[in-house]
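First the structure, in the form of structure tokens, and then the observations on it.
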Amino acid sequence: MTQSEHDMPLIFELSSPGRVAFSLPECDVPRRPAEELIPSELLRSEPAALPEVYEVDVIRHYTELSRRNFGVDNGFYPLGSCTMKYNPKVNEDVARYAGLAKIHPYQPEESIQGALELLYTLQNDLAGLTGMDAVTLQPAAGAHGEWTGLMMIRAYHESRGEHRTKVIVPDSSHGTNPASATVAGFETVTIPSTAKGLVDLDALRAAVGSDTAALMLTNPNTLGLFEEQITEIAEIVHEAGGLLYYDGANSNAIMGITRPGDMGFDVVHLNLHKTMSTPHGGGGPGAGPVGVKQLLVPFLPKPMVVKNEDDTYSWDTEQANSIGRVKAYYGNFGILVRAYAYIRTYGPDGLRAVSENAVLNANYMMHRLAPYYEIPYPGVCKHEFVMSGRGLKQYGVRTLDVAKRLLDFGYHPPTVYFPLNVEECIMIEPTETESKETLDGFIDTMIRIAKEAEENPELVINAPYTTVVTRLDETTAARKPVLNCACS
Ligand SMILES: *Cc1c(COP(=O)(O)O)cnc(C)c1O
């Protein structure tokens, strides 16, 4: 970004009394006064303090703001545990077909058979991909899927007259796991990882018991490592009467290669806005479908799409033991359409190739960076890997400084300080959608920053230099956000 863009005046500074954004002929339809249309106590006594500007000023203001945003369409975004892969534009085209984009959730079933078939097929595709017996498409995010899955686990235990209150999570788990367990009314029990970064079986054996509702796990785990003893882990939990929950938010390493259902899991959620290339949308619409094994099918949220004997599709609203509806209407339909388009575009072999390339890219990057950054868990990683910036501390440089310096080179920084069990953690997930040139460019930049840290640490510590703002107080921004313009 150039200096002049930084200095662009705020829209409020351009305001000039009486200036308007449009000029239209005088309206010849008689107008009723506002007092007749709106109760007087709701009327403003003074006009809103909005900037008075030309239309072109408004357009430039918003266009400029949009250019300050960073997204996967701007550049490389190797955010670990988040799969910021490129969103193919064919998905967008399909989602905009009028027959899909302009239907209404309350339309009669016979008029939306195509949409219902799409949802039904997607349910089945995701069930096949994860090795589950049925899938609900309702949850709107990964964490929402976790909560939905845990509510089903709860209903299952209650239906058997068992009072199980504890959910076990490893210390490397994603923060949403214990949070969802808590919101679903469980107590969480954290178990440590071994020195190899895997689940400690002895700690697991000691933690399970008659109060265990479930173990939540992601495999490959948050360190990018595959839990080799997964079948033994499943046995330990099942023997104690608990269920296994698979956090499949990032399934980029396993598609077409292995399935949570075959590993012994009973429930799985997927993040379509990660693995299936649908946009993350700035906290906007996502989709966290949940798949379950037969024993949990009766508890699925309702309604589910079903196929009738005459090959028509309809909503099943019967489901007597359902945990109920977890989302208005039927989930984020437009996102589900994009994921459907993605799956159809690639097909089974293509999805497997996606995973193979995601894993290859991560390993390539890890091996090239290994001489410059500490790799706490060497060996083969899956779709992501962690490094430690601990070695730079001797120069007074921390992982946060490396992340900030990357901004100067046009990269979105990787995930930092997560997972919590690695000191000065840097977690990188390159994804399969990047070229070798892009991977090399990022690697070379990371190497350059490691050298800068040694030779000229001040340069790294004071970065970034090219962004609109430099170092923000992110904690205060999150805890005490100021959401209106600081124009007073
Ligand atoms: C992203 C992620 C989640 C949460 O998904 P949201 O859609 O952000 O709620 C859960 N678990 C893991 C491992 C994740 O990476």
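Order of appearance sets the numbers: ligands from 1, and atoms from 1 within every ligand. Computed from a prediction, not measured in an experiment: that's the story for all the values here.
Residues Gln319 and Asp316 have side chains in contact (heavy-atom distance under 4.5 Å, counting atoms from C-beta outward).
When each atom of ligand 1 is checked for a heavy atom of Glu146 under 4.0 Å away, the hits are 10 (C), 11 (N). When each atom of ligand 1 is checked for a heavy atom of His273 under 4.0 Å away, the hits are 7 (O). Each of the atoms 10 (C), 11 (N), 12 (C), 13 (C) of ligand 1 lies under 4.0 Å from some heavy atom of Asp247. Distances below 4.0 Å separate heavy atoms of Ala141 from the following atoms of ligand 1: 7 (O), 9 (O).
For a threshold of 3.5 Å applied to N or O pairs, the pair formed by His269 and ligand 1 contains no separation below that value. At least one N or O atom of Gly142, backbone or side chain, sits closer than 3.5 Å to an N or O atom of ligand 1. The shortest N or O to N or O distance between Ala143 and ligand 1 is below 3.5 Å.
Residue contacts with ligand 1: Ser81 is included, with a non-hydrogen atom under 4.0 Å away. The shell of residues lying under 4.0 angstrom from ligand 1, judged by heavy atoms, excludes Thr218. Not a single heavy atom of His144 sits under 4.0 Å from any atom of ligand 1.
Residues Phe385 and Tyr377 place their aromatic rings such that the two centres sit no closer than 6.0 Å. Between Tyr346 and Tyr342, the gap from one ring centroid to the other is short of 6.0 Å.
For Thr222, no heavy-atom contact with ligand 1 is shorter than 4.0 Å.
Using cut-offs of 30° and 60° for the angle between ring planes, the Phe70 and His412 rings count as tilted. Taking the six-membered ring where the residue is Trp, Phe265 and Tyr246 present perpendicular rings, their angle passing 60° and hence far from 30°.
The protein heavy-atom contact nearest to atom 5 (O) of ligand 1 is Asn271 ND2, 3.0 Å. Counting only heavy atoms of the protein, atom 1 (C) of ligand 1 lies nearest to Lys274 NZ, 1.4 Å.
Side-chain polar atoms of Tyr330 and Arg325 form no donor-acceptor pair below 3.5 angstrom. Under 3.5 Å, the side chains of Asn250 and Thr83 contain a donor-acceptor pair of N or O atoms. Side-chain contact annotation: Asp247 with Asn177, donor-acceptor N/O pair under 3.5 Å present. One side chain, Glu432 or Asn252, offers a donor N or O that lies under 3.5 Å from an acceptor on the other.
Shown here, atom 8 (O) of ligand 1 is out of close reach of the protein: none of its heavy atoms lies under 4.0 Å off.
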